[in-house]
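Shown next, in structure tokens, is the structure this report addresses.
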Amino acid sequence: MDEANNMYGEIEEIIDDIEQRFNQINKFSILDYPPYDHHFLKYDRNSKNMGLESTFRQRIEKEWLLLENKLPSSILVKSYEKRIDLMSTVMVGPPDTPYAHGLFFFDILFPRNYPNCPPRIHYHSYDLDLNEFLDPKGKVTLSLLEGGNFVTNWYCGVQGKWNPEKSNILQVLTAIQTSILSTTRVNPSGREGYKKAFTLTCKGMIYMLRGPPMNFRDFVEGYFRTRAHSILLNYKKQMDDSDLMVNLFHELYRAFEQNGTYCKHHRLVDLPAEEKIKQLRVC
């Protein structure tokens with residue numbers, strides 16, 4: 001009996017530690033170095049741009065200040081003092097879309113001649129073909145970031161081209177969230193397109209818990225601990241009787257339980273498919 005109590009006590013301490021670290025995370029932070037898994041880590045930077053008096057650094061620090069003061073609560077950004085040309089970000093999928101509650105990770109590079117040309121962005125896709133604007137290989141397709149000879153179709157649904165005097169990384173991030181990750185950007189196949197985006201978003205949650213990007217582990221674990229019930233309830237609303245969705249539901253709740261959230265009350269009992277769906281509708 002004492003051993004059991006000690007075991008539960010240790011589990012509670014671990015859970016409390018996860019929540020404590022998550023609650024201490026700021027939406028904008030500056031670390032010393034970027035993580036080893038940053039897509040642009042090996043980019044050949046210009047050391048002159050790193051100097052305290054460089055125009056490049058002054059522009060980047062201006063962007064830092066903007067992010068610190070204006071970032072919405074649904075976007076988290078990490079910058080790096082020793083590599084000011086790099087950033088990492090995660091954003092939450094907007095509500096009332098197939099991407100709701102999902103997390104979306106991007107690596108950012110500010111090229112040597114920034115802001116004369118736009119930043120480069122890499123999407124951590126987990127090899128999921130989420131939609132036509134987020135490629136499994138990491139390409140982000142939009143139309144705002146076109147400027148001079150730097151034609152990069154990275155901004156969908158946003159008017160205008162990249163303007164070195166007016167455009168900034170905050171606009172880039174908010175446009176990705178509000179344009180790409182929105183219901184209107186799901187492909188025109190209607191319900192099937194919505195269902196595909198929804199199920200892939202949920203698969204992504206499982207993959208992130210198994211292998212979160214470096215520097216975001218605490219955020220991923222804490223986020224899904226706090227959102228697990230809402231995610232499972234939302235999944236039940238989208239549920240059909242297909243084996244794909246039923247099996248994915250079980251994978252989700254198992255992943256959330258392994259992450260420290262009690263989810264047994266969400267589990268589907270061993271019933272025929274029709275009865276499972278009835279059970280879902282009343283949960």
Side-chain angles (χ1 to χ4, degrees), residues 27-28 38-40 63 66-67 70-78 86-110 117-147 150-163 166-208 212-213 216 219-220 223 227 231 234 238:
K27 63 181 180 180
F28 177 76
H38 196 289
H39 183 76
F40 299 107
E63 302 253 4
L66 181 66
L67 291 170
K70 300 293 185 179
L71 263 179
S73 59
S74 55
I75 299 178
L76 186 82
V77 173
K78 295 182 183 294
L86 303 182
M87 281 184 183
S88 305
T89 185
V90 57
M91 58 186 66
V92 180
D96 302 319
T97 73
Y99 314 107
H101 301 296
L103 295 181
F104 304 88
F105 295 90
F106 302 87
D107 287 340
I108 301 166
L109 167 69
F110 298 96
C117 69
R120 294 172 58 186
I121 301 180
H122 175 81
Y123 168 56
H124 285 263
S125 70
Y126 290 88
D127 295 323
L128 297 173
D129 189 7
L130 195 66
N131 68 31
E132 59 186 305
F133 302 107
L134 296 175
D135 186 82
K137 295 182 179 180
K139 180 182 178 181
V140 181
T141 303
L142 298 159
S143 61
L144 169 66
L145 295 188
E146 296 181 9
F150 301 94
V151 180
T152 52
N153 296 319
W154 288 350
Y155 264 79
C156 62
V158 179
Q159 298 299 318
K161 298 181 179 180
W162 177 262
N163 184 326
K166 297 180 179 180
S167 302
N168 56 63
I169 190 62
L170 178 61
Q171 294 173 348
V172 173
L173 300 181
T174 53
I176 290 175
Q177 188 181 53
T178 58
S179 296
I180 291 180
L181 300 175
S182 69
T183 305
T184 57
R185 292 294 162 186
V186 177
N187 69 46
S189 57
R191 175 61 186 171
E192 287 304 310
Y194 189 102
K195 178 181 175 181
K196 174 189 174 183
F198 174 78
T199 55
L200 290 179
T201 297
C202 292
K203 283 186 179 180
M205 297 176 187
I206 298 171
Y207 298 157
M208 289 166 200
F216 286 103
F219 178 82
V220 169
Y223 175 86
R227 297 291 185 95
I231 292 170
N234 184 51
Q238 307 295 333

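To the nearest 0.5 angstrom, Leu130 atom CG is 4.5 Å from Tyr123 atom OH. Note that OG1 of Thr178 is 9.0 Å distant from CE of Met91, once rounded to the nearest 0.5 Å. Note: Phe28 CZ to Leu170 CG = 11.0 Å, rounded to the nearest 0.5 Å. Rounding to the nearest 0.5 Å gives a distance of 12.0 Å between CZ of Phe104 and CD1 of Ile75. To the nearest 0.5 Å, the span separating CD1 on Ile121 from CG on Leu109 amounts to 10.0 Å. A distance of 7.5 Å separates CG of Asn168 from CG of Leu67, quoted to the nearest 0.5 Å.
Counting only distance, with no hydrogens or angles, the side chain of Ser167 and the backbone of Trp162 share no donor-acceptor pair below 3.5 Å. Put simply, the side chain of Ser179 never gets that close to the backbone of Ile176: no donor and acceptor are under 3.5 Å apart. Without hydrogens or angle criteria, Ser88 side chain to Lys78 main chain gives no donor-acceptor distance under 3.5 Å.
Considering only heavy atoms from C-beta on, Leu103 comes within 4.5 Å of Val92 through its side chain. Contact annotation: the side chain of Pro94 approaches that of Thr97 to within less than 4.5 Å [non-hydrogen atoms, C-beta and beyond]. A 4.5 Å side-chain heavy-atom check between Val140 and Phe106 finds at least one atom pair inside the cut-off. You'll find the side chain of Leu71 stays beyond 4.5 Å of the side chain of Leu76, heavy atoms only. The closest side-chain heavy-atom distance from Thr141 to Asp135 is not below 4.5 Å.
Ring orientation note: the planes of His122 and His124 are nearly perpendicular, at an angle over 60° on the 30°/60° scale.
Contacts of His101 classified as side chain to side chain contact (heavy atoms under 4.5 Å, CB included), with partners at least two apart in sequence or in another chain: Met205, Tyr223, Arg227, Ser230, Ile231, Asn234. Pro213 is linked by a side chain to side chain contact (heavy atoms under 4.5 Å, CB included) to Asp37, Phe105, Tyr126, Phe216, counting only residues two or more places apart in sequence or in another chain. Partners of Lys203 by salt bridge (charged side-chain N to carboxylate O under 4.0 Å, His left out), not counting sequence neighbours: none found.
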Quiz item: Given Leu86 and Phe110, is the side chain to side chain contact (heavy atoms under 4.5 Å, CB included) satisfied, shown in steps?
Solution: CA-CA 6 Å; Leu86 303 182; Phe110 298 96; over 6 Å; no
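A donor-acceptor contact under 3.5 angstrom links the side chains of Tyr99 and Asn131, judged on distance only. Side chains of Gln177 and Ser74: a donor-acceptor N/O pair is present below 3.5 angstrom, by distance only.
Environment of NZ in Lys70: sparse, with no more than 12 heavy atoms of neighbouring residues, nucleotides or ligands closer than 6.0 Å.
Taking both residues in full, the closest heavy atoms of Pro95 and Ala100 are given as CA-CB, 4.0 Å, listed atom of the first, atom of the second, then distance. Pairing each heavy atom of Ile169 with each of Pro119, the nearest pair is CD1-CG, 4.0 Å.
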